[in-house]
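To start, the structure under review is shown below, and the notes come after it.
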Amino acid sequence: MRMLARRVSEAFLDAIWPPACPVCQRPLETAQRLCASCTTQLAPLQARCERCSYPIPCHSCANLPTPLTALIAATEYVRARELVFACKYGSNRSVGRFLADMLAETARQNPYAQSADVIAAVPLHRVRERERAFNQSDLLAAAVAAALGKPLASTALVRTRATPRQATIQSRAERMANVRGAFHVKDPRAICGKTVLLVDDVITTGATVCALAETVLEAGALAVSAAAVAHPFPSGPMETYDPQIWTV
Ligand SMILES: [Zn+2]
Ligand SMILES: [Zn+2]
């Protein structure tokens with residue numbers, strides 16, 4: 001009886017608020033997270049270099065920013081940015097889970113991710129984390145660690161400065177300056193002598209993740225790679241790439 005009541009009330013609620021795709025608002029016909037068209041658009045990248053994620057041939061990973069050993073991205077930024085931002089600032093849970101599953105699957109198939117000893121999220125400053133209620137990258141890192149069967153070392157890394165949001169700063173040089181010295185390794189034993197995989201929601205110019213990677217290497221890590229849901233894959237070197245056209 002109670003089951004029936006629940007089914008009736010769900011049908012009633014579906015009639016009043018029909019389930020819609022969180023990206024394009026089209027009605028959803030079955031119990032899916034996104035509509036078929038958005039799922040196709042967000043399909044993980046195929047035939048990409050395992051190390052830099054660029055289409056093959058990637059010209060010896062020329063676009064890989066130092067000091068990263070590998071940059072692993074599940075999809076292109078232009079396709080995913082609305083979803084990522086919906087999740088970041090609107091805390092849309094079904095979208096978050098979709099992105100986490102996509103990144104975890106990409107990492108599971110990548111040899112650089114598989115060879116990592118520990119996984120860690122790019123930390124938010126505690127003030128910023130309080131504003132948002134949670135750090136999306138923590139959840140993504142947890143999904144990647146679970147998929148790879150590797151330990152999480154997110155609490156070993158901290159952001160000591162609440163820097164202005166990178167999306168408000170256009171040039172990569174300014175972004176680099178904005179995050180220089182912003183990170184600290186609180187627990188060096190968690191990363192010392194290890195290969196670390198840093199996880200962020202998006203990597204645009206790579207300034208943030210590279211600044212963190214440098215700090216982690218200085219604290220004794222063997223090598224650092226990065227994984228993100230999305231990256232814009234600029235056609236020129238990262239140093240000359242203008243993030244202005246990508247920011248929302
Ligand atoms: Zn859709
Ligand atoms: Zn490559």
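Side chains are part of it too, since the values below use all heavy atoms of this structure and drop only hydrogens, waters and symmetry mates. Atoms within each ligand, like the ligands themselves, are counted from 1 in listed order. Along the sequence shown, residues are numbered consecutively beginning with 1.
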Original post:
Of the backbone and side-chain N, O or S atoms of His59, does one lie nearer to the Zn ion (ligand 2) than 2.8 Å?
Top reply: no

**OP:** Answer yes or no: does atom CZ of Arg26 have more than 12 heavy-atom neighbours from other residues, nucleotides or ligands under 6.0 Å?
**Re:** no

To the nearest 0.5 Å, what is the distance between [atom1] on [X] and [atom2] on [Y]?
X      : Y      : atom1 : atom2 : answer
Lys186 : Thr160 : NZ    : OG1   : 12.0 Å
Tyr112 : Leu68  : OH    : CG    : 12.5 Å
Leu197 : Gln114 : CG    : CD    : 11.0 Å

**OP:** Check the side chains of Gln136 and Asp201 for a donor-acceptor pair under 3.5 angstrom, ignoring hydrogens and angles.
**Re:** yes

Original post:
Between SG of Cys58 and SG of Cys61, what angle is found at the Zn ion (ligand 2), rounded to 10 degrees?
Top reply: 110°

Original post:
Any side-chain heavy atom of Leu217 sitting closer than 4.5 Å to one from Leu222?
Top reply: no

Original post:
Quick one: does Leu212's side chain get under 4.5 Å of His184's, heavy atoms only?
Top reply: no

**OP:** Anything protein N/O/S under 2.8 Å from the Zn ion (ligand 1)? Just list residue and atom, please.
**Re:** Cys21 SG, Cys24 SG, Cys35 SG, Cys38 SG

